[in-house]
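What follows is a structure written as structure tokens; I'll ask about it next.
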Amino acid sequence: MTHTITLIPGDGIGPEVANATRRVVEASGVKVEWEVHNAGADVVEKTGTVLPDSVLESIRRNKVALKGPITTPIGKGFRSVNVTLRQELDLYANVRPIKSLPGIEPRFEGTDLVIVRENTEDLYAGLELMIMPGVAQSIKLITARSCTRICEYAFDYATRLDRKRVSVVHKANIMKLSDGLLLECFRQVAEKYPRIEPAEVIVDACAMQMVRNANKLDVIVTENLYGDILSDLGAGLVGGLGIVPGSNIGKVNAVFEAVHGSAPDIAGKGVANPTALVQSAVMMLHHLGEGDAAFRIERGLLALFAKGEKKTPDLGGSSSTDEFTDALCKMVA
Ligand code: NAI
Ligand code: MG
């Protein structure tokens with residue numbers, strides 16, 4: 001069967017890692033027809049918008065997309081394309097497995113945790129206004145509907161992947177109503193899953209725990225902003241942003257993308273590490289029911305990292321993106 005997949009290369013290092021990932025997916029033998037669409041600042045001149053309708057239409061038609069990072073201007077300019085995409089397609093669950101690879105010295109041996117981040121609400125939705133000059137307001141909107149469905153997703157995920165514990169990460173001691181609502185929904189959902197151990201961790205303590213002993217954590221379910229911050233922290237534990245994958249999952253559509261951004265500091269230099277997007281593509285292949293192809297790529301990555309010969313500079317090596325990708329394609333084919 002041929003899968004039609006929307007491919008959004010993105011900007012910065014996006015096209016470099018997207019091209020590499022495309023090659024690896026094709027080397028696995030799976031049949032894919034890519035519908036390439038772009039978004040972000042680069043398309044404004046041609047289309048008049050950062051997120052053309054054709055991008056959303058393509059994803060709605062194919063139900064699956066692989067996406068490179070897209071730059072968001074800081075402090076001014078347009079609203080994040082990434083946030084808009086997640087909201088438009090109601091991709092409510094952002095799943096980010098934080099796992100070490102062989103040949104990369106992790107902070108702790110055997111770290112294997114998963115962050116399930118609510119992906120549509122919270123401060124990250126960017127609902128802001130200037131109340132008066134010198135006074136800005138950011139609105140943290142939290143609904144029981146979204147809290148319940150993200151907690152259900154986390155417990156279902158834990159059940160499916162034979163995980164033992166789901167920890168809700170919150171700050172309900174201070175934000176008693178909004179984070180309190182998440183906690184309340186979590187407790188209700190937890191009752192329906194007696195085989196999974198529920199735990200409650202305050203977000204600052206969670207950050208400390210991740211740095212002191214990340215192996216105590218299993219599945220984390222949390223709000224949008226806390227999940228954003230803790231994912232980069234988690235990436236730092238296992239070798240950095242170059243390797244950590246992610247998926248944005250909705251009831252109908254799914255968009256697979258790495259945790260990292262467009263890395264302007266190394267863009268165009270041919271040294272970006274494509275592993276994070278390749279691992280996101282592995283998640284995508286599992287989602288598409290292409291377990292054999294996913295397994296071939298996973299096995300290739302493990303073997304390549306275990307050999308330790310081809311590493312990009314972010315991991316202390318000197319290989320280019322192409323050299324790494326050539327070696328990986330050989331292992332996968
Ligand atoms: P970043 O994740 O792009 O980069 C942080 C650091 O990690 C940089 O030193 C970069 O070189 C390194 N890095 C990231 N990915 C790497 C890779 N694959 N290989 C090697 N090194 C890698 O974060 P930053 O600089 O804060 O954000 C840059 C832009 O990306 C911003 O405009 C931000 O809004 C956007 N962004 C987009 C995301 C998305 O499209 N989903 C996610 C995160 C940020
Ligand atoms: Mg982030």
Side-chain angles (χ1 to χ4, degrees), residues 7-21 24 37-43 50-51 55 65-87 89 91 94-96 98 101 104 115 117-119 122-126 222-248 254-281 301 305 310-325 328:
L7 178 66
I8 306 170
D11 54 34
I13 60 167
E16 299 166 52
V17 292
N19 183 45
T21 303
V24 175
H37 284 272
N38 234 323
D42 293 353
V43 304
V50 288
L51 184 58
V55 180
L66 183 67
K67 176 185 165 295
I70 296 174
T71 304
T72 310
I74 295 176
K76 56 181 169 39
F78 60 83
R79 182 163 189 255
S80 163
V81 173
N82 308 306
V83 172
T84 311
L85 201 65
R86 292 166 189 171
Q87 288 181 344
L89 299 169
L91 305 169
N94 190 334
V95 183
R96 296 172 154 184
I98 312 277
L101 282 164
I104 301 175
I115 296 176
R117 161 186 175 190
E118 202 290 323
N119 218 12
D122 186 23
L123 286 167
Y124 210 93
T222 192
E223 288 168 14
N224 209 341
L225 181 60
Y226 305 149
D228 177 46
I229 297 166
L230 294 179
S231 323
D232 276 39
L233 173 53
L237 297 175
V238 295
L241 287 163
I243 67 166
V244 177
S247 57
N248 302 286
V255 175
F256 295 82
E257 66 177 335
V259 170
H260 66 73
S262 55
D265 53 338
I266 57 165
K269 296 186 177 158
V271 293
N273 187 350
T275 306
L277 193 62
V278 169
Q279 297 214 88
S280 308
L301 271 173
F305 274 97
K310 301 279 177 205
K311 276 186 189 163
T312 44
D314 56 307
L315 298 175
S318 56
S319 296
S320 66
T321 309
D322 284 347
E323 284 163 352
F324 174 86
T325 308
L328 181 56

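None of these values were measured; they are calculated from a predicted model. Just follow the structure's listing: the first ligand is 1, and inside any ligand the first atom is 1.
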Revision key, fill the gap. The single option from Val24, Ile243, Leu328 that satisfies side chain to side chain contact (heavy atoms under 4.5 Å, CB included) with Leu301 is Leu328
Could you list each N/O atom of ligand 1 together with any protein N/O atom closer than 3.5 Å, one pair per line with the distance?
{"unit_1": "ligand 1", "atom_1": "2 (O)", "unit_2": "Gly261", "atom_2": "N", "d": "2.7"}
{"unit_1": "ligand 1", "atom_1": "3 (O)", "unit_2": "Gly261", "atom_2": "N", "d": "3.3"}
{"unit_1": "ligand 1", "atom_1": "3 (O)", "unit_2": "Gly261", "atom_2": "O", "d": "3.4"}
{"unit_1": "ligand 1", "atom_1": "3 (O)", "unit_2": "Ser262", "atom_2": "N", "d": "3.2"}
{"unit_1": "ligand 1", "atom_1": "3 (O)", "unit_2": "Ala263", "atom_2": "N", "d": "2.7"}
{"unit_1": "ligand 1", "atom_1": "9 (O)", "unit_2": "Asp265", "atom_2": "OD2", "d": "2.7"}
{"unit_1": "ligand 1", "atom_1": "11 (O)", "unit_2": "Asp265", "atom_2": "OD1", "d": "2.8"}
{"unit_1": "ligand 1", "atom_1": "11 (O)", "unit_2": "Asp265", "atom_2": "OD2", "d": "3.0"}
{"unit_1": "ligand 1", "atom_1": "18 (N)", "unit_2": "His260", "atom_2": "NE2", "d": "3.3"}
{"unit_1": "ligand 1", "atom_1": "18 (N)", "unit_2": "Asn273", "atom_2": "O", "d": "2.9"}
{"unit_1": "ligand 1", "atom_1": "19 (N)", "unit_2": "Asn273", "atom_2": "N", "d": "2.9"}
{"unit_1": "ligand 1", "atom_1": "30 (O)", "unit_2": "Ser262", "atom_2": "N", "d": "3.0"}
{"unit_1": "ligand 1", "atom_1": "30 (O)", "unit_2": "Ser262", "atom_2": "OG", "d": "3.2"}
{"unit_1": "ligand 1", "atom_1": "32 (O)", "unit_2": "Thr72", "atom_2": "N", "d": "2.9"}
{"unit_1": "ligand 1", "atom_1": "32 (O)", "unit_2": "Thr72", "atom_2": "O", "d": "3.1"}
{"unit_1": "ligand 1", "atom_1": "40 (O)", "unit_2": "Lys67", "atom_2": "NZ", "d": "3.2"}
{"unit_1": "ligand 1", "atom_1": "40 (O)", "unit_2": "Ile70", "atom_2": "N", "d": "2.9"}
{"unit_1": "ligand 1", "atom_1": "40 (O)", "unit_2": "Asn82", "atom_2": "OD1", "d": "3.1"}
{"unit_1": "ligand 1", "atom_1": "40 (O)", "unit_2": "Asn82", "atom_2": "ND2", "d": "3.0"}
{"unit_1": "ligand 1", "atom_1": "41 (N)", "unit_2": "Glu257", "atom_2": "OE1", "d": "3.0"}

Review point. So how far is it from Arg86 CZ to Tyr124 OH, rounded to the nearest 0.5 Å?
Key: 5.5 Å
Practice item. Could you confirm whether Asp228 has any N/O/S atom lying under 2.8 Å from the Mg ion (ligand 2)? Key: yes
**Study point:** Donor-acceptor under 3.5 Å (Asp11 side chain, Thr71 main chain)
**Key:** yes
Review point. Would Asp322 and Ser320 count as having a side-chain donor-acceptor pair, cut-off 3.5 Å?
Key: no
**Study point:** Exercise: identify the closest heavy-atom pair between Gln87 and Arg79
**Key:** OE1-NH2, 2.8 Å
Exercise for review: Report yes if the side chains of Ile8 and Ile70 come closer than 4.5 Å at any heavy-atom pair, otherwise no.
Suggested key: yes
